[in-house]
Amino acid sequence: MALAELYTQYNRVWIPDSEEVWQSAEITKDYKAGDHFLHVQLEDGTELDYPVDPPALPPLRNPDILVGENDLTALSYLHEPAVLHNLKVRFVESRLIYTYSGIILVAINPYKQLPIYGDAIIHAYSGQNMGDMDPHIFAVAEEAYKQMARFSNQSIIVSGESGAGKTVSARYTMRYFATVSKSSSNAHVEDKVLASNPITEAVGNAKTTRNDNSSRFGKYTEISFDPSYRIIGANMRTYLLEKSRVVFQSENERNYHIFYQLCASAMQPEFKHLKLGSAEEFHYTRMGGSTTIEGVDDRANMIETQKTFALLGLKEDFQMDVFKTLAAILHLGNLEITALEDNHLNIFCELLELNSDKMAQWLCHRKIITTSETVIKPMTKPQALNARDALAKKIYSHLFDYIVERINQALQFSGKQHTFIGVLDIYGFETFDVNSFEQFCINYANEKLQQQFNLHVFKLEQEEYMKEDIPWTLIDFYDNQPVIDLIEAKMGILELLDEECLLPHGTDENWLQKLYNNFVNKNALFEKPRMSNTSFIIQHFADKVEYKCEGFLEKNRDTVYEVLMEILKESKFRLCADFFQDSPVSISPFSSTISIKSARPVLKSPNKQLRMTVGSKVLCTVLLCDFRSSLSLLMETLNATTPHYVRCIKPNDEKQPFEVLLCRKRPTGSPSPTYQWTYIEFFSRYSILMTQQELSFSDKKQICKIVLQRLIQDPNQYQSGRTKIFFRAGQVAYLEKLRSDKLRHACIVIQTSVRGWLQRRRFLCMKQAAITIQQYFRGQQAITAQALKQTWAAIIIQKYCRGYLVRKLCQLIHVAAVTIQAYTRGFLARKKYRKVQYKWDFSNWKQRLLCKRDGDKGSNPCYFCLACRLQKKIEEQVSVISHFQQKLRNFVHLPAIDTALCSRLSTEDLEHLNEDGELWFAYEGLKKATRLVILESHFQSQKENYEKEIEGLNLKVEHLSQDINHLQKLFREENDINDSIRLEVSRLTSENMVRCSQAKHVSVTLQYNPKLLVLQSPQKLALYFYIMNLMTLLYADLKPRGVVVNTIPGLPAHILFMCVRYADYLNDADMLKSFINVTIDGIKQVVKENSEDFEMLSFWLSNTYYFLNCLKQYSGEEEFMKHNTPRQNNNCLKHFDLSEYRQVLSDLAIQIYHQFILVMENNIQHMIVPGMLEYESLQGISGLKPTGFRKRSSSIDDTDTYTMTSILQQLSYFYSTMCQNGLDSELLKQAVKQLFFLIGAVTLNSLFLRKDMCSCRKGMQIRCNISYLEEWLKDKNLQSSNAKETLEPLSQAAWLLQVKKITDDDAKEICEHCTSLSTVQIVKILNSYTPIDDFEKRVTPSFVRKVQAMLNNREDGPQLMLDTKYHFQVMFPFTPSPHALEMIQVPSSFKLGFLTRV
């Protein structure tokens, strides 16, 4: 896609502005080819028609999602306004001073002490990959340290202008190496390396108009490491000391710090012989008019300088020699060229032990030697002053070199260097109103460094392309080789300068004229100023610089008259005499230890460095030759190492902390970066642009390629590698625009639906309200007299109608009720009547029969017989029924009875008897009940049978269990026999070793217990050796997972106490003392040998704790006997008080506990950050953003990493192991609390240092992970351990990421809720808050200031990081053992048959 096509509506551009340099504007109308104006709207709402030229359209602004990125190479547009705006957002708004720019770390001087350099920060960056954490100087140092251990030698190049913070950055890198790579020796080499910084700063740094602690020399420090990558020594090389500062300082500048420190200490007794005074009294220290620095105590710094001298092993006599030389220079500066005797000259000669007459003569005269004679010629006053200043500069230069050599000597090491890391603290590109010889040398060095940087960048890009199988061709870029050739090539500027220095009457003007003749109109990089004949202009890689030629020759010659040097050679002050020897021998031992092979050839410097002019005896050292030689060696060293770059920037000249950046021209010449995304990152970010058909493919890599072909028509704008996609500038912004447009369209659709629904709902509400109003209004209008009459008539009609209907219904109900009653009463009457009629007929019939019998006696006997027979049948039936009632459960003869009854009763009889059917129904119910009882009886019989069978089976099981127990007993006895045999074999095979150890212990014991030499019987000696065997078994053979150990918790502890109890029973103090000493030594030994074995440490922590409790429980003291049984009280010690040994055991238990905690922390610490921060278990909350050079994945597949489940599994392992080893519950809770504190502290510290993790979605994930930990505590019943409270700071930080951060109420809520976070921590999180997409809002600086103002009353420290090394105080509660000693079974394998139950 063409760049012009990106100038569409809603996109933003940068418009040049005279006040703000660059101003943001939004395009209000699409730009079309041929348009002469770009319609934009400024941020303040102003409409503007910006005139444009198609070849030079205003630079596009990056999407907001990319603003504030850790790496500038993550920006889609990497132009000047984009770089400045990103740095401004990070520096001014987020208060972040470090930013990556590819392989460069950009460091902006904050002019304020920040809490980001403590040991906790160092440990947080140690071991981390570069890019995983926020940009930091420690991240660069860690990367160099890891690559040194993995590959080869490294270099860290720290550059920048004066006042940008180069010295501090270099100091922090060396401090990092000293912290993470502690020396194994007791020499504290790393402390000595750090101690070299204050000394070199005192003698090589000074206050300038731009910086209060400006380095006036370049320094390359090689830190040497052994094969274990620990510091063993260091070596320092210096470049181009600004000697002119010794004799001249500009306004508001100072000389080197050491002079002012010396003057501030002049009144101290040890310095009185130097005859110094205040700095205002000396010419060399008062020239700048500023002898003090605000906030700096020169006297305190002098004490610090002396301490660092002592730390390096430079004793007081050496220090005093240095101070004498420095005082002599100050007195030399006060020397006046007069006819009278000068007191300062006498003091100068006295301090350096020189001949004052000769010195006075030759400071004012010069010796001219010709072929025929020698002429002594007096000098003018300016010449004499120049000679004085030249001598002062020479002495200070030699003193500086001498101090550096002595520092190198103090940092020397024996043996061979394995690898090294070099730290280069060198001046950056400089351009002032007046630029002279020093700026020329500095910019020349920067040209060389820039060339090395360009080649290194292209080498890295080439390796990346080859790794990704991407074809590449050589492209044009700004190469500064022509500038370097202009300076150092044959007949170049340097050679012409050296040539002019050889001439007796060479001048700056003659040299400048030669430059004009050779380069003007012949070399495009060299120009002659229009308005000056004393200057020349060179086009450097960064800018054009105009140099004034005045003083070039003098500074290059570095002239000192030989007569003065001869006087100094004759000095009785050894240090001064050694300075001016003809062939001084370097005392540095590093020339033979450092071997460097250059990767590229470098220009050789001339061999002639010492030249003699004609006509005067002058010692003339050509300074540029020395500088070129040292610079060549430096470039050779850098080419042989892997460089890391730190670029320091000065934000403003007023030294105001976190103020707006000045507009500085960005150095050109660097190649345009390519933007690289892994396929996983691209898929996660731009899946919203993919169609359903494209998403149906399983290969994500293929999906990304198909989508790119559809979205970016020009294949030259991107390249697909093996694991990454490479984009040209602007393509990522184009993709972000498409993504934003898609999201904007989706938002519009959602808004359309929601707004339509809201409007429909509002319309329906309004309609209903209108209808209601209409009803009431119409009703009000309809209320008239006629309407009232009609309404009353209607009510009357309704009354009669409703009454009629109710009466009719009531009548129907009445008729129905009467009918039902009639039928019911008739039925009941008939039934009663039939019963009465039956009785009457029967009695009447009986009476008639009787009467008839009496009347017709003998005439008809059948009637009487029939009645008797019926009566008999009724009686029989009644008896049968009663028989059934009495024998209901006896059903054996029931069928027979039923048959007999049926046979005895005929059909007619049954009909007569069951006229109403009642008897028949009773009979049928009786039969059903009979069947149920039969079934119940059958089930009961089966149940009894089953119970008998179960009882028989139980008897068989009991017999089998007895057999199994018997077999197990036999098996255990056999195992005990096997164990005894094994132990005996082991004892016999190691008898020599054991006997030697026993003999050693015996000899030691006999030294302190001579009574053991006189034994009443050999049984005691045998007992002693049995104890030694017990110790060997317990400490060497017993394992935490042993079968014997799992019987009861603390079994070894109980056995040890039983031995103590036995010695107490024998009342043998020597035996008891020896046994306890051996026990303590044995525990120490096993802990030492298994210092990384968590199970073993847990096992012996538990047993040491049990042993200590046993000593307390059976000590006989009342406070420990409260919970004892009477039998346990009888087992208390009778003869000895072991309180002292209890204290020793308590200290030992604390030591084991701390080692135990340390092992747990080491096992879980590497899981915390990946599991708590990086792993995303919640679906739909992840959001990848464009990443820069420093954070690029190397594989398309997700690598295995630790998750929250890994942490929970590790915690469960710790918990189960502690429980298996019988660790006391209170100790277990304390250990869990310590682990939870570590988890919270490490996670929170990492959150502080990872801006990419400070988002609302990450806060949700952290809170979810905390809930998992809380559930784990609840599952293990550890809520009372207070472990949850240790996670409160992390929980509040997660809440802070999720809460709204806009209004005053939000700020007040934050202050009230975040009580466990300090002010620094709250502000850090707010400043680091990073939106994941364009729909989240950033935290405004005004809101942060508002919160900070509300928190001012808090009394908390400035510390940002939590101390992950902090340990809670351990408490060992007394818990009496519930096991009685007489009930403990001692395994036979322990061979403790001599123990007696007492």
Side-chain angles (χ1 to χ4, degrees), residues 68 70 89-98 110 112-118 120-121 124 133-136 657-658 1169 1172-1173 1236-1237 1239-1263 1265-1266 1284-1332 1336-1364 1366:
N70 289 341
V89 169
R90 290 180 60 83
F91 182 68
V92 179
E93 297 181 7
S94 300
R95 303 298 176 96
L96 301 173
I97 67 172
Y98 293 111
K112 182 180 179 180
Q113 290 294 329
L114 300 178
I116 58 173
Y117 300 106
I121 304 289
M133 311 285 282
D134 279 354
H136 201 285
F658 296 108
V1169 173
M1172 290 290 293
L1173 267 186
F1236 270 59
F1237 171 77
I1239 292 173
V1242 171
T1243 306
L1244 190 58
N1245 287 348
S1246 183
L1247 185 67
F1248 290 145
L1249 300 177
R1250 299 188 65 168
K1251 185 174 180 287
D1252 58 321
M1253 293 293 174
C1254 293
S1255 63
C1256 178
R1257 300 178 183 181
K1258 186 56 65 176
M1260 296 170 57
Q1261 182 64 64
I1262 295 173
R1263 192 67 196 89
N1265 293 337
I1266 293 175
K1284 180 180 177 181
E1285 284 70 14
T1286 63
L1287 297 176
E1288 188 62 24
L1290 179 61
S1291 178
Q1292 292 181 8
W1295 176 86
L1296 181 57
L1297 291 175
Q1298 299 177 69
V1299 75
K1300 189 170 66 171
K1301 298 173 275 290
I1302 300 176
T1303 65
D1304 293 348
D1305 293 336
D1306 298 337
K1308 184 177 180 181
E1309 184 182 7
I1310 289 173
C1311 297
E1312 293 175 352
H1313 189 275
C1314 298
T1315 56
S1316 298
L1317 296 174
S1318 66
T1319 303
V1320 176
Q1321 293 169 344
I1322 294 174
V1323 172
K1324 176 64 176 178
I1325 293 176
L1326 292 176
N1327 285 329
S1328 300
Y1329 184 80
T1330 304
I1332 294 298
E1336 295 183 41
K1337 298 296 183 183
R1338 295 181 179 273
V1339 182
T1340 61
S1342 60
F1343 182 84
V1344 177
R1345 289 192 294 268
K1346 193 178 303 177
V1347 173
Q1348 196 168 8
M1350 293 182 180
L1351 296 173
N1352 281 338
N1353 296 329
R1354 282 197 185 181
E1355 296 181 357
D1356 45 27
Q1359 194 66 26
L1360 173 65
M1361 308 289 284
L1362 296 181
D1363 185 10
T1364 58
Y1366 173 77

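Partners of Glu1309 under the side chain to side chain donor-acceptor pair (under 3.5 Å) rule, at least two apart in sequence or in another chain, do not exist in this structure. Among residues two or more places apart in sequence or in another chain, the side-chain contact (heavy atoms from CB on, under 4.5 Å) test is passed with Thr1364 by Leu1238, Ala1241, Val1242, Asn1245. Residues passing the side chain to side chain donor-acceptor pair (under 3.5 Å) test with Asn1265 are Gln1261, sequence neighbours excluded. Evaluation of the salt bridge (Lys or Arg N to Asp or Glu O under 4.0 Å) rule for Arg95 yields no partner, not counting sequence neighbours. The ring-ring contact (aromatic ring centres under 6.0 Å, His included) test applied to Phe1237 returns Tyr1366, Phe1368, not counting sequence neighbours. Partners of Val1344 by side-chain contact (heavy atoms from CB on, under 4.5 Å), not counting sequence neighbours, listed by chain and number: Val1323, Leu1326, Asn1327, Val1339. With sequence neighbours left out, Phe1343 forms a ring-ring contact (aromatic ring centres under 6.0 Å, His included) with no residue at all. The salt bridge (Lys or Arg N to Asp or Glu O under 4.0 Å) test applied to Lys1346 returns Asp1304, not counting sequence neighbours. Take Ser1246 and apply the side-chain contact (heavy atoms from CB on, under 4.5 Å) test, not counting sequence neighbours, and it matches Met133, Val1169, Leu1173, Arg1250. Taking the side-chain contact (heavy atoms from CB on, under 4.5 Å) definition, one finds that Gln1359 meets it with nothing, sequence neighbours left out. Residues passing the side chain to side chain donor-acceptor pair (under 3.5 Å) test with Asp1363: none are found, sequence neighbours excluded.
Within the structure, every pair that satisfies the ring pair (Phe, Tyr, Trp, His ring centres under 6.0 Å) test and touches residues 1290-1314, not counting sequence neighbours, is listed here: Trp1295-His1313.
The 12-atom threshold is not exceeded at NZ of Lys1284, counting heavy atoms of other residues, nucleotides or ligands nearer than 6.0 Å.
Shown here for Val1320 and Pro115, the closest heavy-atom pair between the two residues is CG1-CG, 4.0 Å.
With 3.5 Å as the limit, one finds a donor-acceptor pair spanning the side chains of Ser1316 and Gln1292.
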